[in-house]
Amino acid sequence: MKCRKCGQVAVINMRQHKLALCADHFTDWVPAQVEKSIRKYRMFTPRDRVLVAVSGGKDSLALWDVLLKLGYCADGLYLGLGIDGGFGYSDESQRKCEAFVKSVESGTLGIGKSGNQGAREARSPDSHSPDSQTPDPWLPKLHTLSIPATYGESIPEVAGRVQRGRGKPCSVCGLIKRHEMNRFAYELGYSVLATGHNLDDEAAVLFGNTMTWQVGYLARQGPVLPESDGFARKVKPLCRLYEREMAAYCLVRGIDYIYEECPYSFGATSIAHKELLAELERKSPGAKQNFYLSFLRAKENGFLNDHHQELSPLMHACERCGQPTTAPGLCAFCRLWVNVKI
Ligand code: Q46
Ligand code: ZN
Ligand code: ZN
């Protein structure tokens, strides 16, 4: 298979685009696709300070790499969940994030200092960043927060306590991650929180929500969740890229990531949905992309407009942490710790 642009050996064939590309053209193509999504869905501009939620996995590290290559002002946030799974999952994933930053600092990844005027201004010492005295304002910063060190319990421990040992820790984990990411973005003055959800993730979530016609969730699903009082804007710049494209991108760029999934992800319904969609994609290339992008177009055209009410339930500030919540008194995050001294 040859690259459609230059005739060199192709490293990837993307059947849904009828496009095969060599390593050089593929590493240019991915950032160009991401840039298109950022503009199309008005995610952010070069003047925004973006906080990328990094997990050590391929998608979030590839996203961080792409945003830096494109010249955006992007820093990382790693949340240590205290998950071991018999192979030190959390410790290993943190090491991958740290190694990524080191390779940017040492120039191994070949991300030059950005000439992008917007990113330069977003990082200038006069900007509202409380940590703008970093030695080199051009270099990305990795913020890390350990949940066990901060709150005294790992995610499996909190979940074990509040769920009385029943079920997986995923809902508690999701709640804690959302709260802490939002808190960080606000406290450190980032206007945007970016996550590495790819098209496979989004199509699987859409499939699950459609199976049960969860209109509230469908109305909220999209590449951008706008900012609202107390909540940072959330964006998914990889939403039009397939998971296999992100794995190939990391391989070609030399980005080392954690291959193992979180030990609690096995058996998740989203994985079963991904398998079903992969089967469909095998028979009909582009099916996944079509499913997701047609949904976004239908939403743009007003499908689900009647459900906007569900987007803005009555909110007030949590009595303890100040984040917006619909619950009276404490928010769901703070209620996790009511009987715990933190
Ligand atoms: S990290 Fe947390 Fe996931 Fe692990 S415990 Fe479940 S939710 S599976 S994205
Ligand atoms: Zn080529
Ligand atoms: Zn709270």
Side-chain angles (χ1 to χ4, degrees), residues 1-14 19-30 32 53-60 78-94 147-148 151 153-160 162-163 167-183 186-187 195-198 200-202 204-205 230-231 236 243 248 252 258 260-272 274 315-338 340 342:
M1 184 79 54
K2 287 186 175 169
C3 172
R4 168 127 64 86
K5 304 211 169 180
C6 69
Q8 299 288 314
V9 179
V11 292
I12 188 162
N13 180 23
M14 295 170 285
L19 181 65
L21 292 174
C22 69
D24 284 351
H25 281 117
F26 182 60
T27 45
D28 287 344
W29 181 85
V30 170
V54 284
S55 66
K58 61 183 181 320
D59 303 299
S60 55
Y78 175 81
L79 292 181
L81 308 174
I83 294 175
D84 184 74
F87 59 94
Y89 171 73
S90 284
D91 292 344
E92 187 55 18
S93 49
Q94 180 165 351
I147 299 296
Y151 296 103
E153 284 177 320
S154 67
I155 295 284
E157 285 167 345
V158 194
V162 298
Q163 295 171 181
K168 289 194 194 196
C170 294
S171 53
V172 166
C173 180
L175 167 66
I176 291 178
K177 284 195 290 195
R178 277 193 300 279
H179 185 279
E180 292 299 86
M181 284 173 190
N182 196 54
R183 179 170 73 81
Y186 254 78
E187 288 181 2
T195 56
H197 294 94
N198 57 43
D200 295 55
D201 299 323
E202 291 302 287
V205 169
F231 285 124
K236 299 169 183 170
E243 191 170 326
V252 176
I258 184 159
E260 289 86 3
E261 299 285 343
C262 170
Y264 295 104
S265 67
F266 293 101
T269 18
S270 60
I271 293 188
K274 276 188 180 175
M315 293 277 189
H316 65 89
C318 164
E319 284 170 4
R320 188 180 146 273
C321 72
Q323 283 202 25
T325 176
T326 48
L330 298 181
C331 73
F333 174 85
C334 290
R335 271 184 282 127
L336 287 176
W337 315 101
V338 274
V340 181
I342 55 171

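When a ligand or atom number is given, it counts from 1 through the structure's own listing order. Numbers for residues simply follow the sequence, beginning at 1. Being a predicted model, the structure only gives us computed values, none of them experimental.
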TODO: Would you indicate whether Glu261, at its atom CD, is surrounded by more than 12 heavy atoms from other residues, nucleotides or ligands within a distance under 6.0 Å?
DONE: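 No, not enclosed.
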
TODO: Return yes when atom CD of Glu260 has more than 12 non-hydrogen atoms of other residues, nucleotides or ligands closer than 6.0 Å, and no otherwise.
DONE: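 Yes, the 6.0 Å shell around CD holds more than 12 heavy atoms from other groups.
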
Open item on the list: Checking a contact table here: which protein heavy atom is nearest atom 3 (Fe) of ligand 1, and how many Å away?
Closed with: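 The closest one turns out to be Lys177 NZ, 4.0 Å.
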
Open item on the list: Please work out, at 4.0 Å between heavy atoms, whether the side chain, the backbone, both, or neither of Glu261 comes within that distance of ligand 1.
Closed with: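 No part of Glu261 is near ligand 1 at this cut-off.
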
- [ ] Measure across Ile271 and Ser265 and return the closest heavy-atom pair with its distance rounded to 0.1 Å.
- [x]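 Here Ile271 and Ser265 meet closest at CD1-O, 3.2 Å.
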
Open item on the list: On a heavy-atom basis, which atom in Ser90 and which in Gly82 lie closest, and how many Å separate them?
Closed with: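 Reported closest heavy-atom pair: OG-N, 3.3 Å.
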
TODO: May I ask you to decide whether Lys274 forms a salt bridge with Asp201, counting only side-chain N to carboxylate O separations under 4.0 Å?
DONE: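 Looking at Lys274 and Asp201, the cut-off is met.
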
TODO: Please work out whether the ring planes of Tyr151 and Trp337 are parallel, tilted or perpendicular, with thresholds of 30° and 60°.
DONE: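 Plane angle under 30°, so parallel.
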
- [ ] Determine the interplanar angle of the Phe26 and Trp29 rings, folded into 0 to 90°, and report it as parallel if under 30°, tilted if 30 to 60°, perpendicular if over 60°.
- [x]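 Parallel, since the angle between the ring planes stays under 30°.
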
Open item on the list: What count do you get for protein N, O or S atoms closer to atom 6 (Fe) of ligand 1 than 2.8 Å?
Closed with: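 That number is 1, waters not included.
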
